[in-house]
Every structure is written in C-alpha cells, then in structure tokens.
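Read the structure below first, then the notes.
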Amino acid sequence: SPTPLASPQPAGESSPAPATAAPVEPGAPAATLPSSATPAGSSDGWQRLSDFYPFTLLAITALALDPQDPAVILAGTYGGGIFRSPDGGQTWALSSAGLGSGAVGSLVFDPLDSQRVYAGLVEQGGVYRSNDGGRSWALASDGLALGMNWNYTALLAIAPSEPELLYFSATNSGVYRSLDGGAHWDLRSLDCPQVTGLLVDPLNADHLYAPNRLNGRPDCPPGIYESQDGAQTWQQLAPELLSGGDTWWLVLDPRQAGRLVASGGGGTYLTTDAGASWQQIFAACDWLIGDPFSGDLYCQQDTQLWVSTAGGQSWERSGAIAPRRWPWFSPFAFRTSPGRFYLGDQAVLASQDRGQSWQNLGRLGAARAPLGIDPADTTRLFLVTQDKPGRILRSPDGGKRWQVVLENIEPGGRLVFDPSGALIYPNPASGGSPLLRSTDGGTTW
C-alpha cells in the first residue's frame, strides 16, 4: 500500500497512518447495518437505507444553552449543521434552515434576548445569525475576509456589558469586531495572536484575553495574550512563565474581576490581578473549562477529570472521561444549577454531579461522506469520509450494506471514476499525498 507524505495539520494533531486497503476479499459479504429506530419505509419518494454505523460518527463541535430556557440546547457539528433539542437533550432535530456549509466552530446566545443566536462556521463559512432561537439562520458576515485557508476555530464572543458588540476570529484570519449585532464587521488585528479562544471582560467590552496557539512563528509564541483596546493591539502576559506547548486554555472567573486561570505548557496557573502576576496551582490540563455561574473549574488529564470548587486553589478527583477525539474543539455548556453541564465529542454527554457520572444524550448522525455511484454498475456505491479518520466505504447493493475498502487516507478528496472503469482517489493537493487507484471496483488500491 502507498505511504502518503505528511500533510499540514493543526498543531498537536498526529500524522495520519499510511493509506491501507481494508482486508476485503472480492465477493466477500458486506456488513449488514442494524435497523434504525425509525422504521424504514418510503416518505415523499425516499426510502431510508441504513443508519450511520459503521460510518464515522458526526463530531459535535459547539454547544450552547438558551439563557432563558436551559432545556433548549443547540449543538453544532463538523459539517452536519446545527441540531436543536427542546427537552434537555432527550430529542434532537436538525435546525439548519438558511445555514451555509462548514463546521460549526461556536454558538453564542444573546444574554438579553435568547431568540438571537450567533453561529461561527469554519472553512470560510463566516458568521450566521438567528432571530428565532436557532430555528433558522441568515448570513451576517459583511466585512469578514472569508478567503483565508485553514480556518479551523471560528470563534465568537459576545460582550456581556454590550450585547450588540461581538468579536470573531478564524484563527489565522485575524480578529474582527462588530458593533451592531453582526450586521457589519471590521478587522481589528491580524497575524498575531492566532487565537484559540476569546474572553471578554464582563465589565469592559474593549478588554479581551485570548490564548494563542503554536503557529511556527518565533515572534508570536503560544501563551496568553491581552488587549485593552478592542482587539486592535495585543501583548503577551508573563511570557517567561506562560509559554511552551501547543495549545493554551483560559478561564475567566465570573465571581471576581481580574481572576483568571490558564493551563498549557507545563502547568495550570492563577492570577488574581488581571494578569500582572501568576502562580502555578496544578499540573497542565488536556483541556480546562469553567462554569460561568459557580466558578467551578474542570480539568481533564488523560482519562481523569479533576474539579476545583475553590477557584483552582485545590482540586478533587472526579470521574473518568474519554480523551478528546478532536482536541481543538472543546464544546461545553453549563446550566445555572451547580454541577450540571454538557460536553460534546461524538455524542452529547450530560453530568449532574460535577463529572462523577455521565449520561449519553445521543449521537447526532454520521460525518460528511459524499456519495459516488459507479457508472459501470449503478448498484455499487461509494462513500468517502471527509473527516478523520479518512476512509472509503463501498456498498454492492445500492446502500443497504457497507464495507470499508480503504482506510487511513487523508480526507477531503473526491473519488473519480475513470472512463476505463478504474477508480482514482486524489488526496487534497496541499497534502502532498500520492494518487490512489483501483482497477477492481475498490477491492485493492
């Protein structure tokens, strides 16, 4: 099997394994998928063929709760749109009317009017606004430069003291500001920092903090940055201490002005004077999040969750939790009741006891996988996953049964059917990976 060259990827992400043909013999039966909870049948001319197993599960990349009705949850996904639950995650329905394509990087409710919601989309998706609680969406990207490549965060932050003032960043496309609820945007800063988080001072809409990712630039090292002028200029805080590593996490304590906790590099650090001085309080976290209502802190280290109810001064061991599959997305949402919060990965998880135990609220579907129909045999179908891990699946019977025929590929390419009958899979041009070709209907490559 060919061994593709390493391709550019977000910091901290491991290199893909060499592309390999799955162990499928010609004529071998494909796996029959389990029946759906929704009975198969025709509806408006369509018949449900199969559920998402064994397809790659849809990644949940953003979560938000309605501040006026915390039973209403919005979940953004990696390429599958936005889902809405009216009952605390017991049931879900697609809620993407008017939404453009691209992974949903962030979801933000207006704190004073929960009918207004904002969504930030990666992959040049821009910003969308909803005026009906997330049921329908309209583009709100006037002034945003959406032509930059590799925008993988799509961060939105709303100023608590001025809800019409918003900030947006797509990592390497700069930081933008809107003064009119997303109707217009202006570029405030570019190049540095390339942020992976945005926090707005609750008392001062021009005062921001942002962690900066590892980006290969010696003049823009990873760490914690601060802006006093609405994201126009930035300075790094305590570079001698808050440095190193790939990704930094930052939490602003809602109970005390100037109190922040940062994690990355070699440890977790606390400041009580708005970043003027820092002290190490814990080991480094894989991710760090904070409850905006209680001030509780949650730190994951490998498969262990740690909780601090003392502002980071002391920590208690909580329950076990699986490592993040997509570490650059850390979707979470908290309810006003202490200890109740939600996390998203391949499913929406809920905890009512500060992470000691978890309830699975369901998976939202399968990841993006464009469909290809073999012109030589129209009952033979192919799906190419667009999210990691990259795989090609084949169905011999019009979609009822599926089997993996190629795996460990760099996703994002398009399957091409050659006039001679061969299949060619060109990996993304930027990846530097070789072309893959099959002359036996996808069995060998």
Side-chain angles (χ1 to χ4, degrees), residues 6-15 103 105-106 120 122-124 126-127 143-157 166-178 185-201 206-252 260-271 274-278 280 284-288 326-330 430:
S7 60
Q9 54 200 315
E13 188 174 336
S14 59
S15 299
S106 55
V122 306
E123 301 167 348
Q124 297 80 50
V127 176
L144 295 178
L146 302 180
M148 299 287 285
N149 59 1
W150 197 61
N151 300 337
Y152 81 101
T153 51
L155 297 167
L156 276 167
L166 296 98
Y167 294 94
F168 173 77
S169 175
T171 304
N172 62 340
S173 292
V175 180
Y176 292 79
R177 184 181 67 177
S178 173
W185 297 87
D186 65 285
L187 179 64
R188 301 295 289 174
S189 57
L190 186 62
D191 296 330
C192 185
Q194 295 185 5
V195 303
T196 54
L198 282 172
L199 280 76
V200 185
D201 188 327
D206 289 330
H207 188 196
L208 289 85
Y209 298 94
N212 178 43
R213 70 179 183 91
L214 178 66
N215 52 52
R217 292 182 47 181
D219 61 336
C220 188
I224 304 301
Y225 287 68
E226 179 187 32
S227 174
Q228 298 276 5
D229 54 10
Q232 190 164 3
T233 60
W234 297 84
Q235 63 176 351
Q236 187 178 7
L237 297 178
E240 72 286 350
L241 188 64
L242 308 182
S243 61
D246 295 339
T247 304
W248 280 80
W249 305 92
L250 185 64
V251 174
L252 194 156
L260 298 96
V261 178
S263 188
T268 299
Y269 304 86
L270 168 70
T271 178
S277 61
W278 297 80
Q280 185 169 354
C285 305
D286 298 334
W287 54 257
L288 175 74
W326 295 273
W328 53 93
F329 290 108
S330 182
S430 62

So [Y] and [X], do their side chains get closer than 4.5 Å, heavy atoms only?
{"X": "Trp249", "Y": "Thr268", "value": "no"}
{"X": "Leu237", "Y": "Tyr209", "value": "yes"}
{"X": "Trp234", "Y": "Leu208", "value": "yes"}
{"X": "Val127", "Y": "Trp185", "value": "yes"}

[X] and [Y]: which non-hydrogen atoms are nearest, and at how many Å?
{"X": "Ser173", "Y": "Leu187", "answer": "O-CD1, 4.1 Å"}
{"X": "Cys285", "Y": "Ser263", "answer": "N-OG, 2.8 Å"}
{"X": "Ala210", "Y": "Val195", "answer": "CB-CG1, 3.4 Å"}
{"X": "Gly120", "Y": "Phe168", "answer": "CA-CE1, 4.2 Å"}
{"X": "Thr271", "Y": "Ala276", "answer": "OG1-N, 4.0 Å"}

What's the spacing between [X] [atom1] and [Y] [atom2] if we round to 0.5 Å?
{"X": "Leu250", "Y": "Glu226", "atom1": "CG", "atom2": "CD", "result": "10.5 Å"}
{"X": "Cys220", "Y": "Tyr225", "atom1": "SG", "atom2": "OH", "result": "4.5 Å"}
{"X": "Leu260", "Y": "Leu199", "atom1": "CG", "atom2": "CG", "result": "7.0 Å"}
{"X": "Leu242", "Y": "Trp248", "atom1": "CG", "atom2": "CH2", "result": "4.5 Å"}
{"X": "Thr247", "Y": "Arg213", "atom1": "OG1", "atom2": "CZ", "result": "9.0 Å"}
{"X": "Leu270", "Y": "Gln280", "atom1": "CG", "atom2": "CD", "result": "11.5 Å"}

Ignoring hydrogens and geometry, is there a side-chain-to-backbone donor-acceptor pair from [X] to [Y] under 3.5 Å?
{"X": "Thr196", "Y": "Asn212", "answer": "no"}
{"X": "Ser169", "Y": "Leu155", "answer": "no"}
{"X": "Arg217", "Y": "Asp191", "answer": "yes"}
{"X": "Ser189", "Y": "Gln232", "answer": "no"}

Subject >> Contacts of type side-chain hydrogen bond (donor to acceptor under 3.5 Å, both in side chains), residue Ser106, not counting sequence neighbours >> reply: none
